[in-house]
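The next block holds one structure in the form of structure tokens; read it before the comments.
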Amino acid sequence: MIFQSALTYIETWDLSAKTKTLLNRSLLIIIVAGLVFTQLFYKQKIFIFSQVPKWNSTITLPFHTIKVSYFLIIGLAVSSTLLIPMVLNQEISDIKSMVLFGILFAIINATLEEIIWRGILLSSIRKYVSTFYAIMITSLGFGLLHISIGIPLLISLLFSFGGLFYAIVVLKTNSIYPAIIFHIVINLGMVFNGWII
């Protein structure tokens, strides 16, 4: 409720759309603080998958086993395809004007969203329900949170598939860092292709 009230209040300010968007995403810290407070209040350990992945270990997928390092390289290559239209369709001056905003947005948004959904919530919910349900709940919540930045409901629901992917990456690598990196690349692509702002 505090988060949504703050978002509504910011919308009344006379600021550029980029500044409002950065403030909007920065306010996710309110949700992080609320989750941390709740965990501490109930004397629960906070676990956010903060260890560095073991790059030489393997990830077992339904029909294949692959080294973590190869999986991340392939994932980043596929995620980076979002940047191709920007390179092909934008003027160099347009790209330069979006770089700072894109980097700030991507880092703030990806880090805070991953800490919320794949860090605190996924690990906490797994204590009470199966991993499958924990993944489904956090993925759906992740998708629906995007309504707060003006993304329509159906597209926000589609973002839940991204949440599903990020959750699997976190659980398979036992680290939140690869998901943050994937999320940053996707966010950069969204900004540079005009999907944000």
Side-chain angles (χ1 to χ4, degrees), residues 1-4 6-7 21-55 57-61 68-69 71-72 75-76 78-79 102-149 151 156-191 196:
M1 191 167 86
I2 295 170
F3 173 72
Q4 197 59 46
L7 294 182
T21 301
L22 289 175
L23 285 172
N24 177 306
R25 298 293 76 199
S26 297
L27 287 174
L28 289 171
I29 199 74
I30 294 170
I31 296 174
V32 171
L35 291 169
V36 168
F37 174 77
T38 303
Q39 294 286 48
L40 294 175
F41 182 79
Y42 288 105
K43 297 179 174 68
Q44 298 291 317
K45 286 183 78 174
I46 298 171
F47 179 72
I48 60 168
F49 301 98
S50 60
Q51 67 186 34
V52 175
K54 295 181 176 101
W55 301 111
S57 65
T58 58
I59 295 176
T60 302
L61 302 170
V68 168
S69 55
F71 175 78
L72 296 177
L76 285 173
V78 171
S79 299
I103 290 170
L104 286 173
F105 174 84
I107 291 171
I108 292 167
N109 186 62
T111 303
L112 291 175
E113 284 186 352
E114 290 306 317
I115 288 171
I116 291 167
W117 296 106
R118 262 65 64 185
I120 299 169
L121 287 175
L122 181 61
S123 63
S124 298
I125 294 171
R126 281 178 68 200
K127 295 174 189 173
Y128 304 102
V129 300
S130 70
T131 299
F132 174 81
Y133 285 119
I135 290 171
M136 292 300 116
I137 291 166
T138 56
S139 297
L140 184 60
F142 166 75
L144 292 176
L145 181 68
H146 289 85
I147 294 170
S148 72
I149 56 171
I151 295 176
S156 292
L157 287 172
L158 289 175
F159 281 14
S160 297
F161 289 106
L164 179 69
F165 172 75
Y166 298 141
I168 291 169
V169 167
V170 167
L171 293 174
K172 292 290 186 178
T173 62
N174 204 31
S175 175
I176 199 169
Y177 300 117
I180 290 173
I181 293 168
F182 281 133
H183 202 149
I184 287 172
V185 171
I186 295 291
N187 283 170
L188 282 171
M190 292 174 70
V191 169
I196 304 293

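The residues of the chain are indexed from 1 along the displayed sequence.
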Grab the two heavy atoms, one from [X] and one from [Y], that are nearest each other, plus how far apart they are.
X      : Y      : result
Phe159 : Phe142 : O-CE2, 3.4 Å
Pro53  : Pro178 : CG-CG, 3.7 Å
Gly102 : Val191 : CA-CG1, 3.6 Å
His183 : Asn109 : NE2-ND2, 3.8 Å
Thr138 : Trp117 : O-CE3, 3.5 Å
Phe182 : Leu76  : CE2-N, 3.2 Å

Side-chain heavy atoms of Ile186 within contact of Phe165, under 4.5 Å: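 Counting from C-beta outward, Ile186 and Phe165 never come under 4.5 Å.
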Student check: side-chain heavy atoms of Val68 and Thr58 closer than 4.5 Å: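 Val68 vs Thr58: side chains apart.
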Going by the rule side-chain hydrogen bond (donor to acceptor under 3.5 Å, both in side chains), which residues pair with [X] if we only count those two or more places apart in sequence or in a different chain?
X      : answer
Arg118 : Glu114
Gln39  : Ser124
Ser175 : none

Please list, chain by chain and in numerical order, all residues satisfying side chain to side chain contact (heavy atoms under 4.5 Å, CB included) with [X], sequence neighbours excluded.
X      : value
Ser160 : Leu140
Ala134 : Leu122, Ile125, Arg126, Val129
Thr111 : Ile107, Ile115, Ile180
Ser50  : Ile48, Tyr177

Heavy-atom neighbours of Ile2 CD1 exceed 12 at 6.0 Å: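 No, the 6.0 Å shell around CD1 holds no more than 12 heavy atoms from other groups.
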Rounded to the nearest 0.5 Å, how far does [atom2] of [Y] lie from [atom1] of [X]?
X      : Y      : atom1 : atom2 : value
Ile120 : Gln44  : CD1   : CD    : 12.5 Å
Gln51  : Ile176 : CD    : CD1   : 12.0 Å
Asn174 : Lys54  : CG    : NZ    : 7.0 Å
Leu7   : Arg25  : CG    : CZ    : 7.5 Å
Lys172 : Ser57  : NZ    : OG    : 11.0 Å
Ile168 : Leu164 : CD1   : CG    : 4.0 Å

Side chain to side chain contact (heavy atoms under 4.5 Å, CB included) assessment of Met190 paired with Asn187: CA-CA 5 Å; Met190 292 174 70; Asn187 283 170; 3.9 Å; yes
Qualifying salt bridge (charged side-chain N to carboxylate O under 4.0 Å, His left out) pairs with a residue from residues 39-49, counting only residues at least two apart or across chains: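 Sorted result for residues 39-49: empty, none.
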Enumerate, atom names and distances included, each donor-acceptor pair closer than 3.5 Å involving a side-chain atom of residues 27-38, sequence neighbours excluded.
| from | atom 1 | to | atom 2 | distance (Å) |
| --- | --- | --- | --- | --- |
| Thr38 | OG1 | Gly34 | O | 2.8 |

Working for side chain to side chain contact (heavy atoms under 4.5 Å, CB included), residues Leu171 and Ile135: CA-CA 10 Å; Leu171 293 174; Ile135 290 171; 3.4 Å; yes
Can you list the residues that meet the ring pair (Phe, Tyr, Trp, His ring centres under 6.0 Å) rule with [X], with sequence neighbours excluded?
X      : result
Phe49  : Phe47
Tyr133 : none
Phe71  : none

